[in-house]
Amino acid sequence: MFYALYFHIGETEKKCFIEEIPDETMVIGKYRTQLWDKQMGSFLQTSPGLGMHVEIKDPDTKIILSRQYGSDGRFTFTSHTPGEHQICLHSNSTKMALFAGGKLRVHLDIQVGEHTNNYPEIAAKDKLTELQLRARQLLDQVEQIQKEQNYQQYREERFRMTSESTNQHVLWWSIAQTLILIFTGIWQLKHLKSFFEAKKLV
């Protein structure tokens with residue numbers, strides 16, 4: 001299987017990724033771990049006892065998935081809130097397992113939306129013709145595009161609200177600065193006038 005990326009982590013290190021996901025969208029993550037072998041000088045397939053802990057948080061930092069998996073794993077979740085979802089992985093290793101400052105290589109693939117569908121399996125299950133399957137794929141793509149558009153609209157609304165709030169704060173700050181300058185100027189004029197009067201210069 002093809003994995004989109006790989007990364008290295010240490011014994012107690014946690015690696016997190018941010019995925020911008022529309023609401024009501026399925027996400028499937030697949031990973032495979034390899035353990036560094038100092039004697040061989042390369043990464044080897046890890047033992048079954050060495051696994052990964054996967055934790056997923058929604059945009060409100062609410063944990064929607066927290067599970068322990070094996071050295072090779074597959075996790076699935078559906079988003080209920082649009083926005084940035086945090087996907088974190090760390091090993092369940094102990095110093096016994098990686099005692100020599102060992103490190104893991106983790107191959108990771110994350111599929112979102114219609115990419116999660118296994119169309120050959122769907123075609124076999126529902127006995128679809130090639131044309132029917134293609135129509136199903138197009139419908140799924142249109143649905144995903146609509147979700148993406150709704151999410152972009154949601155982001156635009158949030159950005160507009162933030163911009164308006166910032167502009168309002170800047171306006172009030174400018175007004176406050178102007179008032180402070182006016183009051184400071186009036187106070188300075190009064191102070192100078194009283195000083196000159198005390199010195200009988202006016």
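When reading the values below, keep in mind they use all heavy atoms of this one structure, side chains included, and skip hydrogens, waters and symmetry mates.
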State, to 0.1 Å, how close His85 and Phe77 come at their nearest heavy-atom pair, and which atoms those are. CD2-CE1, 4.0 Å

Quick one: salt bridge (charged side-chain N to carboxylate O under 4.0 Å, His left out) partners of Glu143, sequence neighbours excluded? Lys147

Without swapping roles, check the side chain of Thr25 against the backbone of Ile21 for a donor-acceptor pair under 3.5 Å. no

Roughly how far apart are Lys15 NZ and His90 NE2, rounded to 0.5 Å? 14.0 Å

For residues 138-185, pull every pair meeting ring pair (Phe, Tyr, Trp, His ring centres under 6.0 Å), keeping only residues two or more places apart or in separate chains. none

Can you find a heavy atom in the side chain of Pro22 that is under 4.5 Å from one in the side chain of Gln149? no

Under a 4.5 Å cut-off applied to non-hydrogen side-chain atoms, are Met52 and Thr33 in contact? yes

Verify same cluster id: Leu5, Val112 (apolar side-chain graph, 4.5 Å): yes

Same cluster or not: Leu139 versus Leu131, using hydrophobic residues (I, L, V, M, F, W, Y) connected whenever any side-chain heavy atoms lie under 4.5 Å apart? no

Side chains of Met26 and Thr76 in contact at under 4.5 Å (non-hydrogen atoms): yes

Among residues at least two apart in sequence or on other chains, which ones pass side-chain contact (heavy atoms from CB on, under 4.5 Å) with Leu189? none

Qualifying residues under side-chain contact (heavy atoms from CB on, under 4.5 Å), relative to Glu156, sequence neighbours excluded: none

Calculate, to the nearest 0.5 Å, the distance between atoms CG and OH belonging to Leu89 and Tyr31 respectively. 7.5 Å

Any pair counted as disulfide bond (SG atoms under 2.5 Å apart), so long as it reaches residues 51-88, sequence neighbours left out: Cys16-Cys88

Taking the side chain as C-beta and beyond, is there a heavy-atom pair between Arg74 and Ile28 under 4.5 Å? yes

Scan residues 174-191 for pairs that pass side-chain hydrogen bond (donor to acceptor under 3.5 Å, both in side chains), counting only residues two or more places apart or in two chains. none

Check whether the ring centres of Phe7 and Phe17 lie less than 6.0 Å apart, and answer yes or no. yes

Given a cutoff of under 4.5 Å between side-chain heavy atoms of I, L, V, M, F, W and Y, with clusters grown through shared members, what are the other residues clustered with Ile186? Ile182

Kindly determine whether Ile87 and Ile110 satisfy side-chain contact (heavy atoms from CB on, under 4.5 Å), including the steps that lead there. CA-CA 10 Å; Ile87 302 169; Ile110 297 173; 3.9 Å; yes

Result block: side-chain N/O donor-acceptor pairs under 3.5 angstrom for residues 53-66, not counting sequence neighbours:
| from | atom 1 | to | atom 2 | distance (Å) |
| --- | --- | --- | --- | --- |
| His53 | NE2 | Ser66 | OG | 3.2 |
| Asp58 | OD1 | Asp60 | N | 3.0 |
| Asp58 | OD1 | Thr61 | N | 3.2 |
| Asp58 | OD1 | Lys62 | N | 2.8 |

For Ser91 and Ile9, work out which heavy atoms get closest and say how close. N-CD1, 4.2 Å

Quick one: name the residues clustered hydrophobically with Met161, using the 4.5 Å side-chain heavy-atom rule over I, L, V, M, F, W, Y, and just say none if it's on its own. none

With Arg155, which residues qualify under salt bridge (charged side-chain N to carboxylate O under 4.0 Å, His left out), at least two apart? Glu20

For residues His107 and Gln34, is any side-chain donor paired with an opposing acceptor at under 3.5 Å? yes

Could you list the residues that satisfy side-chain contact (heavy atoms from CB on, under 4.5 Å) with Asn150, not counting sequence neighbours? Gln146, Gln153

Closest approach of His8 to Glu13 (non-hydrogen atoms, all atoms of both residues): O-OE1, 4.3 Å

